[in-house]
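For reference, the structure discussed in these notes is given below.
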Amino acid sequence: MEKTLPAILEAGVQAAITDLYGADGTAVEITLQTTRREFEGEFTVVTFPLTRVARKKPDEIAEDLGQYLKEKVAEVADYNVIKGFLNLVISDEYWRDFLLTDGIADDYGQGAPKGETVVVEFASPNTNKPLHLGHVRNILLGWSSAQLLAKAGYEVKKVQIINDRGIAICKSMLAWQLFGGGATPESTGIKPDHFVGEYYVRFEQKFQEEYKAWQTTVEGKKTFALHGKPGQTTEAFFKGYSKKYFNEYSVLGAQASEMLRQWEAGDEATRALWNKMNGWVYKGFEETYAALGVNFDKLYYESNTYVLGKDMIDKGLEMGVFHTREDGSVYADLTDAKLSEKTLMRADGTSIYITQDLGTARLRYDDFGATRMLYTVADEQNHHFATLFELLKRLDEPYAPGLYHLSYGMVDLPTGRMKSREGTVVDADDLMKEVIHEARLVSQERAATSDLSEDDREEIIRQIGLAALKFHIIKVGPKKRMTFDPKESVDMQGQTGPYVQNAYVRTRAVWRKAEENGVAIDFALAKDYTKLAPAERELINQLYSFPELISTAAESYDPSLIAMFCYELAKNLHKFWHDHSILSAETPAAVAFRLQLCKAVGNTLQAGMRLIGIEVPERM
RNA sequence: GGCUGUGUAGCUCAACUGGAUAGAGCACUUGACUACGAAUCAAGAGGUUUCAGGUUCGAAUCCUGACACGGUCACCA
């Protein structure tokens with residue numbers, strides 16, 4: 001394909017304007033859109049904007065243009081005009097030729113290499129707890145975006161930064177030391193990240209007990225009397241006082257803080273314990289990533305990167321975009337960018353969170369030479385990333401224009417927000433187990449795969465369950481806060497992953513059948529199939545739009561577009577399947593053509609689903 | 001309170017970035033398997049796009065102002 005249809009049509013319309021109305025057609029913006037289902041045609045020219053240059057009524061313009069295009073542009077076979085909209089019908093020959101060349105190519109949709117590298121960050125968990133539903137959305141979004149960018153022709157590096165240090169992991173470590181009694185994941189048979197997470201929870205429990213008890217002591221009562229606001233209940237007061245208690249009165253708090261100090265001082269025993277427990281967590285995370293079907297090209301650890309960024313501060317000071325206060329602390333004044341005054345280094349010379357992010361960005365650029373960097377992080381950090389990007393822009397970093405915060409809405413349950421304190425957090429491993437279990441139940445009601453081995457059946461069930469879960473999450477636009485209903489996530493009918501998988505399975509089944517029958521099919525005949533049915537045109541038209549969609553979805557970092565595309569394509573395949581015979585079609589040419597159509601649709605469904613991290617089985 | 005995001009069918013979500021009669025799925029009602037696979041298809045019902053103004057040939061989309069619900073306003077991470 002030399003030029004795309006939209007480009008051909010646009011040029012045609014512009015030529016028509018020049019020829020028919022004597023205006024400079026190339027200066028006119030052409031509004032071209034895909035034709036709505038209920039009308040005949042594939043592309044539509046909106047003529048309202050042309051009334052000025054043509055000095056005619058919309059319907060008349062449409063009529064003029066339609067005739068002109070039908071005569072002069074080979075690809076346009078026919079047209080119709082409805083209320084100022086010019087619907088163009090693309091010729092059967094064009095569609096057929098497209099299908100039999102590009103459409104059935106194995107790598108259809110793969111963009112040409114752009115020679116640019118993109119770093120995509122996602123997941124980035126803390127190491128004190130197992131992954132949960134929020135991480136799942138993050139991971140699916142990040143992974144899908146990475147696949148999309150790769151498909152669009154970018155070189156992609158998938159990374160994450162692991163928050164492996166700080167007070168949180170120290171709490172787990174301390175609790176294990178105090179209450180673990182030497183237990184290990186091996187000795188208990190618990191998945192290692194869950195094992196560590198249990199000690200984090202244990203710490204919080206013990207801390208709460210200690211806190212509760214303290215509240216009734218003389219000291220506790222005195223604190224309330226002294227700091228409680230008038231009319232405030234003791235309960236409300238102590239709820240807000242917990243952090244202060246942790247830092248100033250709590251025995252456990254003091255011990256955890258001491259552990260953090262030991263860690264920072266490089267105390268050997270503390271480091272060893274830290275290594276051991278983080279090691280457990282990583283082992284558990286690996287399992288979860290593998291189950292989700294994701295991997296990374298490089299891992300960054302906060303314990304290494306938290307010291308970075310000092311040289312960035314020096315650079316900023318040198319450039320005059322950062323300033324020093326009297327006490328020696330460093331800040332940047334971002335008020336003219338509608339952001340606040342941001343401190344970057346404390347008076348004592350220690351750095352803060354955003355400083356290491358400056359350093360990490362630079363490190364990644366040095367590692368990969370990326371021109372774009374994508375951060376998959378929940379929208380609660382919008383402000384942080386706006387600040388970070390503004391700082392890097394002012395530092396004139398070469399990758400600054402390509403920074404993007406893939407900000408997504410948090411996941412709610414039907415009962416409201418997930419609260420770890422209330423035990424409503426949905427665990428990632430449990431969730432996967434649950435959807436696979438549900439797929440198994442549904443599968444057992446069917447006999448479609450009963451001839452397969454136990455292992456093969458189980459593999460298919462796994463793919464179906466995960467498809468249900470992943471599709472359910474990824475079909476929602478990233479920006480949108482989503483409500484996750486576990487009941488709906490295991491649905492396998494309608495707008496779901498298994499529905500799409502089923503369409504793929506059908507395209508494979510018909511080929512299998514054709515081979516079983518042993519009939520020699522002459523695929524050269526496919527080019528003799530001249531009159532396309534509406535359902536066939538629809539499918540081919542949709543296949544045709546795939547590369548453009550990949551590009552759009554990649555540039556807007558929106559994998560949900562791909563999910564919706566897969567669903568629509570599957571839907572049209574199902575309808576086609578229902579309305580038309582394939583192996584017993586009217587003519588040998590039709591048989592050959594439709595098999596090729598099935599192949600192209602199957603390939604594209606597989607490619608599309610792969611982009612959103614979903615596998616398609618051969619049978620189900 | 002400042003900044004910011006969201007508000008569309010009972011529920012979960014779309015709407016090609018200003019275009020045609022606002023579309024899907026779930027749930028509900030009804031029909032189609034001796035067909036290449038019914039995890040399917042077809043039909044029905046379901047809407048004042050939160051509200052009020054404005055911009056224009058044309059608004060769910062852009063502007064103004066309300067209302068509701070999130071998020072965020074650290075020398076925490």
With a cut-off of 3.5 Å and sequence neighbours excluded, list every side-chain donor-acceptor pair involving residues 408-420 of chain A.
unit_1   : atom_1 : unit_2   : atom_2 : d
A:Tyr408 : OH     : A:Asn138 : ND2    : 3.0
A:Asp412 : OD1    : A:Arg481 : NH2    : 3.0
A:Asp412 : OD2    : A:Arg481 : NE     : 2.6

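- By the stacking rule of 5.5 Å between ring centres and under 30° between planes, A:Tyr567 does not stack on the base of B:rA24.
- Looking at heavy-atom distances under 4.0 Å, A:Met492 makes contact with a base.
- Base pairing annotation: B:rA38 forms no Watson-Crick or G-U wobble pair, as no partner gives both donor-acceptor distances under 3.5 Å.
- At a threshold of 4.0 angstrom between heavy atoms, the contacts of A:Asn87 include nucleobase atoms, whether or not backbone atoms are also involved.
- With rounding to whole Å, A:Gln542 atom CD is found 13 Å from B:rA24 atom C1'.
- In this structure, CD of A:Glu618 is placed 20 Å from P of B:rC36, rounded to the nearest angstrom.
- A close approach under 4.0 Å does not occur between any side-chain nitrogen or oxygen of A:Lys480 and OP1 or OP2 of B:rC13.
- What separates CD1 of A:Ile521 from P of B:rC36 is a distance of 14 Å, to the nearest Å.
- Heavy atoms of A:Thr51 sit nowhere under 4.0 angstrom from any nucleic acid atom.
- Distances shown here put every side-chain N or O of A:Arg481 at or beyond 4.0 Å from the OP1 or OP2 atom of B:rU6.
- Using the six-membered ring where Trp is involved, A:Phe385 and A:Phe389 have ring planes that are tilted, between 30° and 60° apart.
- Taking for each of A:Phe484 and A:Met620 the nucleotide of RNA chain B with the nearest heavy atom, the 5'-most of the two is the partner of A:Phe484.
- Within the shown strands, B:rG71 is the pairing partner of B:rC3 under the Watson-Crick or G-U definition, both distances less than 3.5 Å.
- Atom CH2 of A:Trp577 and atom P of B:rU40 are 14 Å apart (whole Å).
- Across all strands shown, A:Arg325 has heavy atoms under 4.0 Å from base atoms, whether or not it also approaches the sugar-phosphate.
- Annotation: cation-pi geometry satisfied between A:Lys171 and A:Phe246 (NZ/CZ under 6.0 angstrom from ring centroid, within 45° of ring axis).
- In this structure, A:Asn382 places its CG atom 12 Å from C1' of B:rU6, rounding to the nearest Å.
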